[in-house]
Amino acid sequence: MTKFVFCPELIRLYTQNSAPVIELLALGYIDVMPSHLDARLTEAQRQAVHQIQGPLLILAGPGSGKTLVVTHRIAHMLAESIPAEQIVALTFTNKAAEEMRARVERLVPDQPVWLGTFHRFCAQLLRRYAQFVGLDPGYTIYDTADSKNALQHVLEANRFELEIFTPGQIINEISWAKNNLITPADYEPRVGKPLTYVVAEVYEAYQKQLLQSSAVDFDDLLLHVASLLRENAEVRRQLDERFRYILIDEYQDTNLAQYAILRALSFDHPNLAATGDPDQSIFGWRGANLNNILEFEKDFPGVRVVRLEQNYRSTKQILRVADALIANNVLRKHKTIFTENGEGRAVRVVCYPTAKDEAENIAAYIANQVAQGRRRPSDFAVFYRTNALSRTFESAFAEFGVPYILVKGVEFYQRKEIKAVLAYLQLLNNPRDDVALLRVINTPPRGIGKKSLARLTEFAHARGIPLLEAAVDAKAIDGMPKRAAAAMQTFAETVQDLSAKATGTIEHLLGLVLTGSGYREHLLASEAEADEERLGNVEELLTVARQFDGRHPDEPGLEAFLEETALVNDTDAWSEQVERVPLMTLHSAKGLEFPVVFITAVEDKLLPHERSREDPASLEEERRLFFVGITRAKEELQISLAHRRDFRGRRRFTVPSPFLTELPRDEIEVVDLGWPAPQEDESYAESEFEATEHAVEEYDEAPPDEPSAISDPQGSAASTKTSPPPGTADPLATLTTAAELSAISASDKSDASAKARKTDVEAFQIGMAVTHPDYGLGKIAALSGNGPKRTATVNFVTSGQRTFRIQHSDLRPAAAQ
DNA sequence: ATTCGCAAAGTTTTT
DNA sequence: CTTTGCGAAT
């Protein structure tokens with residue numbers, strides 16, 4: 001009855017030196033009883049692990065050991081002799097899947113438990129049941145760019161002119177429909193939404209095109225599987241039988257299609273375990289349906305609900321901030337989260353003069369911590385709302401020599417050359433793939449232009465045949481220039497040729513494609529520097545292929561390779577082993593944790609995003625997004641914003657995020673490093689009229705304590721350059737941080753900033769860290785007077801408040817020490 | 001047909 | 001500020 005369980009992770013807890021124990025285990029001399037799996041678990045966690053039969057809802061707050069529970073649950077099932085083939089664990093992202101796989105592997109190695117993303121699970125089911133939904137087993141998976149191209153192709157073929165909407169908008173709406181299981185036949189335009197009328201006209205044609213090309217978009221992966229299960233009772237029954245134990249992670253982010261699939265697979269064997277947290281639902285815009293989790297109990301009678309409310313990740317300070325914030329959501333079930341962790345450092349809210357200062361200070365802080373050996377780069381993480389905000393950080397991190405990695409995904413696989421090479425493979429795998437053909441028929445240039453392509457398309461369309469087939473008969477097409485026709489035929493032959501040779505490893509095949517297509521030669525012959533880089537990228541793809549081959553030694557697996565490249569992106573492989581600071585959006589931070597977290601650009605119109613402001617529900621989603629960000633932090637959290645941010649090439653003064661007022665004022669450290677000094681930047685004065693006027697407006701309308709929700713009402717922490725604050729003292733608590741941050745920033749910076757550092761009277765600003773030979777480190781609380789009479793009021797860390805005439809004092813910016 | 005250049009437009013989040 | 005798109009020149 002008792003099965004052998006190999007469990008080094010747990011053994012380590014019992015013994016100082018685990019090596020001998022592991023060896024004994026490996027040799028089979030000792031067993032670890034299943035009960036030992038429970039050693040680390042709390043009562044609630046234990047319940048969740050042990051409840052194997054029947055529906056289970058695990059409401060898991062942030063940092064509550066959810067992954068621990070899920071992985072142990074799987075181990076426990078295996079220990080209870082449930083065949084691994086019957087267990088499916090679905091995650092939302094590849095990153096989460098990787099993490100889970102690694103941890104399951106450590107508990108119970110080499111078990112064929114199906115573990116991966118929902119989309120991938122569906123992709124593989126579709127391989128087997130492709131013909132049920134009108135696809136070839138070798139169907140192609142289109143990414144968003146491909147989908148847009150497909151749509152464009154459809155629009156052109158139907159001579160449909162878009163006047164106001166972009167293909168992207170239409171694709172988005174179609175995506176929304178598919179996520180809600182709305183097929184072209186069911187789709188109805190919605191009054192007051194012009195876009196939906198356009199979609200009503202093209203959705204069907206788009207879908208037809210996809211089927212004709214034997215291709216699917218991301219949403220189809222779910223939609224097709226959902227209809228497969230709905231329309232084929234026998235298939236559904238078999239799959240329900242096969243996948244008897246399903247675990248679904250991040251249930252709050254599932255959409256209707258995913259819900260339908262899960263239900264269909266959990267009918268005869270309702271052993272569905274869902275984990276999730278309504279407070280972390282952040283994908284509503286993509287069709288995620290919060291009702292799925294809120295109504296789980298209704299949907300699955302007899303469900304057992306386990307709440308994991310204890311947080312093992314964050315300090316008390318961080319958790320209180322998170323809790324206070326999320327309490328502002330009205331559409332929410334109350335939930336308590338608590339921790340027995342220590343108090344920790346206060347959460348900092350810092351307002352920098354400019355976005356550049358923000359990025360540089362954070363980079364400098366990290367550089368300093370790393371240089372001191374206090375932390376490693378991977379201990380930190382920087383979050384922002386939109387990818388567009390990453391650039392400032394990239395340059396600041398580069399400037400300070402801090403290694404970083406952009407956790408953005410796509411990039412590599414979206415490059416033209418990579419897409420092109422992969423399109424050749426797609427075409428080999430699926431000759432009906434029109435989008436792939438269009439992408440490569442003239443790559444490298446073969447003298448096939450727009451007009452000839454239009455003729456080819458028309459011809460194919462009229463006969464209802466794939467483009468590749470049409471290309472074979474190119475000569476027969478009316479009005480087709482001889483040269484183009486010949487080029488098309490040669491192209492078709494090349495593809496067929498390659499197709500015949502398409503055996504062996506992917507790397508080998510890729511090599512054939514590069515040579516056979518003439519693309520490699522074209523890149524080599526090219527003078528352009530860009531092409532040289534492309535060649536390099538193609539080489540990298542060869543490396544990817546080689547690695548894939550290594551992982552799949554038995555099968556050639558072209559399909560599998562294409563599936564992987566479609567559903568996995570390059571930074572999914574990013575791991576904390578890599579000593580780099582990850583920069584990422586708040587969305588991609590979900591499920592991760594870091595000792596030190598910086599949440600940046602917490603400004604109105606960014607967080608909450610301007611497009612979320614009208615709708616209260618999406619405003620709450622933005623708040624949850626902030627909540628997710630906050631709860632990633634284990635030890636230190638800094639929330640920051642800038643008075644001025646250059647965005648989209650424009651200079652803007654910002655408004656602090658309304659969410660900042662919702663943070664518990666007494667618990668956080670607020671630091672306002674002051675406004676940017678106009679004279680420091682000549683472009684400020686010369687900037688276009690609009691911006692200048694706006695700036696002036698902001699200045700006048702912003703009394704000392706107004707611009708910042710974060711400043712405390714006495715105006716002690718915040719002030720503006722133009723309006724010296726009342727003489728109230730800064731809270732000493734903020735001094736260290738402010739000083740620390742500015743000091744590091746200024747001192748670590750190279751000559752670039754030297755001119756900004758010259759010690760004339762104008763160099764001093766409110767909030768600036770300064771040193772004095774007698775009094776030590778301090779922060780400027782107020783400034784008054786001009787020229788020689790310029791006077792600074794300084795709060796010193798150790799010796800209280802002093803006032804100086806700057807010119808006659810020994811006051812220095814902290815940097816100059 | 002291709003390439004080069006300039007203008008315009010656009011940017012939430014992800015599988 | 002970047003990327004995309006379109007139009008003109010070769």
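Reckoned from all heavy atoms, side chains included, excluding hydrogens, waters and symmetry mates. Because the structure is a prediction, the values reported are computed rather than measured. Chain letters run A, B, ... following the sequence lines, proteins first, then strands; residues in each count from 1.
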Taking A:E603 first and then A:R652, would you say they form a salt bridge - that is, a charged N and a carboxylate O separated by under 4.0 Å?
no
A:E521, CD: over 12 other non-hydrogen atoms inside 6.0 angstrom:
no
Along DNA chain B (nearest heavy atom to each residue), the more 5'-positioned of A:S612 and A:T144
A:S612
Classify A:F118 by what it touches in the nucleic acid, base, sugar-phosphate, or nothing, heavy-atom distance under 4.0 Å.
nothing
Using atom CD of A:E622 as one end and atom P of B:dT13 as the other, report the distance to the nearest whole Å.
11 Å
Between A:F283 and B:dT14, do the rings stack, that is, sit under 5.5 Å apart with planes less than 30° off each other?
no
What is the distance from NZ of A:K590 to P of B:dT15, rounded to the nearest Å?
10 Å
Tell me which of A:R391 and A:Q152 sits closer to the 5' end of DNA chain C, going by the nucleotide each one is nearest to.
A:R391
Is the A:F393 ring parallel, tilted or perpendicular to the A:Y384 ring (thresholds 30°, 60°)?
parallel
By a strict heavy-atom criterion of less than 4.0 Å, which residues belonging to residues 213-225 of chain A are in contact with DNA chain B?
A:F218
Do any pairs count as a salt bridge (Lys or Arg N to Asp or Glu O under 4.0 Å) and have a residue in residues 165-177 of chain A, sequence neighbours left out, and if so which ones?
A:E173-A:R190
Salt-bridge contact A:D277-A:K66 (side-chain N to carboxylate O under 4.0 Å)
no
Given atom NZ of A:K416 and atom P of C:dT3, what is their separation to the nearest angstrom?
11 Å
A:R127/A:E563 salt bridge by N-O under 4.0 Å criterion
yes
Tell me: CG of A:D143 to C1' of B:dT14, nearest whole Å?
12 Å
Within the structure, does a side-chain N or O atom of A:T93 lie under 4.0 Å from either OP1 or OP2 of B:dT14?
no
A:W176 CH2 to B:dT14 P, in whole Å, measures 22 Å
Look for any protein N or O under 3.5 Å of an N or O in nucleotides 1-11 of chain B and output each such pair with its distance, or none.
residue: B:dA1; atom: OP1; partner: A:G449; partner atom: N; Å: 3.2
residue: B:dA1; atom: OP1; partner: A:S452; partner atom: OG; Å: 3.1
residue: B:dT2; atom: OP1; partner: A:N442; partner atom: ND2; Å: 3.4
residue: B:dT2; atom: OP1; partner: A:G447; partner atom: N; Å: 2.9
residue: B:dT2; atom: OP2; partner: A:N442; partner atom: ND2; Å: 3.1

Please give, in whole Å, the distance from B:dT15 P to A:H587 NE2?
11 Å
So, are A:R455 and A:D478 salt-bridged, with charged N and O less than 4.0 Å apart?
no
What integer distance in Å separates A:N387:CG from C:dT3:C1'?
15 Å
Could you tell me the separation between the NZ atom of A:K475 and the CD atom of A:Q489, rounded to the nearest 0.5 Å?
4.5 Å
Salt-bridge contact A:K95-A:E98 (side-chain N to carboxylate O under 4.0 Å)
no
Here the distance between atom C1' of B:dT15 and atom CD of A:E98, to the nearest Å, is 15 Å
